[in-house]
Amino acid sequence: MTPLSFNKVCLASQSPRRRQLLEQIGVEFDVQPADIDESVHNGELPQQYVERVTKAKASAIWSSPNYGRNYPVMASDTAVVVDQKILGKPQTRADGLDMLALLSGRSHQVVSGVGLLYQDRFGYRSSVTDVHFRTLTEADMHNYWSTGEGLDKAGCYGIQGLAASFIDNITGSFSGVMGLPLYETSELLTEFSVHFWLNRPTA
Ligand SMILES: Cc1cn([C@H]2C[C@H](O)[C@@H](COP(=O)(O)OP(=O)(O)OP(=O)(O)O)O2)c(=O)[nH]c1=O
């Protein structure tokens, strides 16, 4: 029988940012990272890509023999988008420096999706945020790359870290840029009757 409500989720992610953000809104969770192919399909639009990858991460854990399937799986994906081009994580130094040069002195979009999967029910929300970088000098880009902060992050930067000094404006969701859009996540959790700070039954 399907339980009416849940006290926790399984976070299908290896990202320390997503753990931190989920803790921020008082969600109980355990973690099982999903290892899936994140390559972009031909002709795929950023929003389609983020939704497909989010769902693939959640499905990989739900169908894994190690998963007990007693509560929903949560997954998320974040893409940095410049002129419809999707930037993933930098593979090399040259790659990282190219990404920073692309972002310099202009706005780009960050698309972040979050999904919840329980049995055959998949719920999904996403946020799109405009982020504006001031013009970066060659020194800015080289120095930033050398800090290592951009290495494991889409678009080669972290808004929650040193790169905050490059960003003069955002319109949208800070938590979405950082990796998990918390407003949309709250909506999904409520829809799936997962208890967290906002909807925990009163004592
Ligand atoms: C743009 C941006 C991205 N990021 C991070 C969030 C994500 O961890 C990462 C985007 O890559 P993702 O592939 O979305 O996530 P991931 O591989 O790190 O983790 P998962 O196991 O859930 O797939 O970039 C920041 O931390 N700050 C930022 O400002």
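We count ligands from 1, going down the list as the structure has it; atoms in each ligand are counted the same way. Numbers here simply count residues along the sequence, with the first being 1.
Distances between N or O atoms of V80 and those of ligand 1 include no value under 3.5 Å. Backbone and side-chain nitrogen or oxygen atoms of K153 are examined, and none is located within less than 3.5 angstrom of a nitrogen or oxygen of ligand 1. Looking at A154 next to ligand 1, an N or O pair under 3.5 Å apart turns up.
Under the side-chain hydrogen bond (donor to acceptor under 3.5 Å, both in side chains) test applied with H132, the options T171, N169, D168 reduce to a single match, D168.
Counting heavy atoms from C-beta on, the side chains of V53 and E38 come closer than 4.5 Å.
Residues in residues 84-114 take part in these ring-ring contact (aromatic ring centres under 6.0 Å, His included) pairs, two or more places apart or across chains: H108-F133, H108-Y157.
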Please list, one pair per line, the donor and acceptor atoms closer than 3.5 Å that link side chains of residues 79-91 to other protein atoms, with sequence neighbours excluded.
residue	atom	partner	partner atom	Å
D83	OD1	R106	NH2	2.9
D83	OD2	R106	NH1	3.1
Q91	NE2	K89	O	3.3

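Remark: ligand 1 atoms within the under-4.0 Å shell around heavy atoms of G158 are 27 (N), 28 (C), 29 (O). Atoms of ligand 1 found under 4.0 Å from any heavy atom of S15 (numbered from 1 in listed order, with element): 8 (O), 18 (O), 19 (O). Listed by atom number, the atoms of ligand 1 under 4.0 Å from D77 heavy atoms are 12 (P), 13 (O), 14 (O).
Contact annotation: for S13 versus ligand 1, heavy atoms closer than 4.0 Å belong to both the backbone and the side chain. With a 4.0 Å heavy-atom cut-off, ligand 1 is reached by the backbone of Q14 and by its side chain too.
Protein heavy atom closest to atom 13 (O) of ligand 1, with residue, atom name and distance, is E38 OE1, 3.0 Å. Of the protein's non-hydrogen atoms, M178 O, 3.4 Å is the one closest to atom 6 (C) of ligand 1. Summary of contacts: the protein heavy atom closest to atom 3 (C) of ligand 1 is V177 O, 3.6 Å. The nearest protein atom to atom 29 (O) of ligand 1, hydrogens excluded, is given as I159 N, 2.7 Å; this is a heavy-atom distance. Scanning the protein for heavy atoms near atom 17 (O) of ligand 1, the closest one is K89 NZ, 2.4 Å.
The residue from K57, R18, Q160, M74 that puts a heavy atom closest to atom 27 (N) of ligand 1 is Q160.
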**Request:** Report the C-alpha distance between Y124 and K55 in whole Å, list the side-chain angles of each, state the deciding distance to 0.1 Å, and finish with yes or no for side chain to side chain contact (heavy atoms under 4.5 Å, CB included).
**Result:** CA-CA 8 Å; Y124 179 78; K55 192 171 183 182; over 6 Å; no

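Side chain of Y183 to main chain of S175: no donor-acceptor pair is present (N/O by atom type, distance under 3.5 Å, no hydrogens or angles).
Classification of the Y71-Y67 ring pair by plane angle, with boundaries at 30° and 60°, yields perpendicular.
For the residue pair S146/N143, the side-chain donor-acceptor check at 3.5 Å is not satisfied.
Residue T185 holds its OG1 atom at 5.5 Å from CG of L182, rounded to the nearest 0.5 Å.
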